[in-house]
There are 2 protein chains.
Amino acid sequence: MKIGELAKRGICSVETIRFYEKEGLLEAPTRNDNGYRQYTNSHLAQLNFIRHCRSLGMGLPEIRTLRTLQTHPELACDEINHLLDSQIERVHQQITSLRLLEQQLRSLRGSCHANTTIGNCAILRNLEQAADGEGCPCHAVHEKS
Amino acid sequence: MKIGELAKRGICSVETIRFYEKEGLLEAPTRNDNGYRQYTNSHLAQLNFIRHCRSLGMGLPEIRTLRTLQTHPELACDEINHLLDSQIERVHQQITSLRLLEQQLRSLRGSCHANTTIGNCAILRNLEQAADGEGCPCHAVHEKS
DNA sequence: AAAACACCCTGTTCCTACTTCAGGGTCAAG
DNA sequence: CTTGACCCTGAAGTAGGAACAGGGTGTTTT
């Protein structure tokens with residue numbers, strides 16, 4: 001199949017496929033006489049694997065690692081477990097951080113329900129006061145992450 | 001104060017300050033005879049405001065909007081409310097998406113507790129099978145977001 | 001046959017919010 | 001007079017592609 005069909009079947013864009021090839025994630029296919037890329041079902045499986053890992057939030061280096069490990073079935077799979085553990089940890093910390101963030105935003109939003117002018121807007125005053133350094137620990141907290 | 005001290009007091013890097021100035025977020029300070037930037041407490045307040053908004057997950061365009069609104073205290077503050085509402089919505093959706101992601105990762109991780117080889121690794125097989133299209137809705141789901 | 005249209009190619013630039021680097025100037029201390 | 005800490009500008013790099021420029025190919029329609 002040609003790149004357009006692979007893109008449709010792999011639910012991604014043509015540019016993304018060429019990008020993966022350039023990055024060495026997707027095996028380079030043979031070319032037709034006219035220079036068009038000619039893909040097989042194996043390429044589709046590879047692409048789906050990559051897209052699935054991406055949908056799980058993995059970065060390209062992690063996926064590269066998995067692809068390399070795939071070709072060495074005799075090795076211990078500890079490395080795969082570690083990789084997943086670190087992914088889980090990363091996602092978990094993101095969630096924790098975002099939950100705190102949502103609370104802060106809701107609290108801020110709650111300070112202005114009435115229709116008023118910017119000069120009287122409690123939200124903006126809260127933002128400015130927090131910026132003055134007192135009473136807002138979130139600033140420094142997020143700084144370190 | 002010079003840029004190094006502003007950076008220390010604003011808890012960010014010197015480069016970030018110069019970047020904000022180039023982006024028009026932070027007012028350009030006067031220069032000393034030697035060309036060094038000379039900052040005032042007003043600049044520190046501006047920087048803290050920017051950093052605080054950043055720590056709340058806002059992008060530079062949003063912060064630019066707020067900074068512009070600050071200079072028009074007579075306008076209605078509806079726009080500020082809308083801006084915050086959309087921030088909250090964005091963060092909320094991120095959390096929802098990440099929670100689903102964490103569940104998927106944990107489920108995947110749970111399929112391999114034993115020490116085995118990559119050839120037998122249930123995680124990798126799960127990833128490959130999911131990539132084959134059957135039984136994994138998450139792939140297409142994340143695609144649309 | 002010519003034109004329109006869909007598809008393909010390479011290569012380059014753009015996006016966020018910075019960080020890092022190259023190459024150099026300034027200033028106080030030892 | 002040299003060392004080290006600070007400052008300057010401007011360009012390039014980061015992740016993961018998206019978008020565009022400029023051109024070739026293949027089928028269909030006129």
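Values below: all heavy atoms of this structure, side chains included; hydrogens, waters and symmetry mates excluded. Letters A, B, ... are given to chains in the order of the sequence lines, protein chains preceding strands, and every chain is numbered from 1.
- Residue Arg54(A) has a polar side-chain atom (N or O) positioned under 4.0 Å from OP1 or OP2 of dG17(D).
- The hydrophobic clustering, which links ILVMFWY residues whose side-chain heavy atoms are closer than 4.5 Å, places Leu56(A) and Ile95(B) together.
- Rounded to whole Å, the distance from CG on Asp33(A) to C1' on dG24(D) is 15 Å.
- Here the shortest heavy-atom pairing between Arg51(A) and Thr16(A) reads NH1-CG2, 3.7 Å.
- Among residues two or more places apart in sequence or in another chain, the side chain to side chain contact (heavy atoms under 4.5 Å, CB included) test is passed with Asp33(A) by none.
- Taking the C1' atoms of five terminal pairs at each end of the helix from dA1(C)-dT30(D) to dG30(C)-dC1(D), the two resulting helix axes are inclined by 30°, rounded to 10°.
- First and last contacts of DNA chain C with chain B, using any nucleotide atom under 4.0 Å from a protein heavy atom and ordered 5' to 3', fall at dA17(C) to dC27(C).
- In this structure, Met58(A) and Leu84(A) have side chains that are in contact, with non-hydrogen atoms separated by less than 4.5 Å.
- Heavy-atom contacts from other residues, nucleotides or ligands closer than 6.0 Å to CD of Gln70(B) number more than 12.
- Atom C1' of nucleotide dG16(D) and atom CG of Leu25(A) are separated by 11 Å, given to the nearest angstrom.
- Taking the side chain as every heavy atom from C-beta outward, Arg54(B) and Tyr20(B) approach each other to under 4.5 Å.
- Applying the side chain to side chain donor-acceptor pair (under 3.5 Å) test to Ser42(B) and every residue at least two apart in sequence or in another chain returns Gln46(B).
- For Arg99(B), there are no salt bridge (charged side-chain N to carboxylate O under 4.0 Å, His left out) partners two or more places apart in sequence or in a different chain.
- Residue Lys22(A) contributes atom NZ, which lies 13 Å from atom C1' of dA15(D) at whole-angstrom precision.
- A donor and an acceptor atom, one from each side chain of Gln87(A) and Arg90(A), are located under 3.5 Å apart.
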Please list, for nucleotides 6-9 of chain D, all pairs of protein and nucleotide N/O atoms separated by less than 3.5 Å.
residue	atom	partner	partner atom	Å
dC7(D)	OP1	Gly4(B)	N	2.7
dC7(D)	OP2	Gly4(B)	N	3.4
dC8(D)	OP1	Arg37(B)	N	2.9
dC8(D)	OP1	Arg37(B)	NH1	2.9
dC8(D)	OP2	Arg18(B)	NH1	2.6
dC8(D)	OP2	Arg37(B)	NH1	3.4
dC8(D)	O5'	Arg37(B)	NH1	3.4
dC8(D)	O3'	Arg31(B)	NH1	3.4
dT9(D)	OP1	Arg31(B)	NH1	3.2
dT9(D)	OP1	Arg31(B)	NH2	2.9
dT9(D)	OP2	Arg37(B)	NH1	3.0
dT9(D)	OP2	Arg37(B)	NH2	2.7

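- Note that CD of Gln38(A) is 10.0 Å distant from NE2 of His43(A), once rounded to the nearest 0.5 Å.
- At dG17(D), none of the side-chain N or O atoms of Ser13(A) fall inside 4.0 Å of OP1 or OP2 (strictly under the cut-off).
- Rounding to whole angstrom units, CD of residue Glu15(A) and C1' of dA15(D) are separated by 17 Å.
- No side-chain heavy atom of Leu98(A) sits less than 4.5 Å from a side-chain heavy atom of His92(B).
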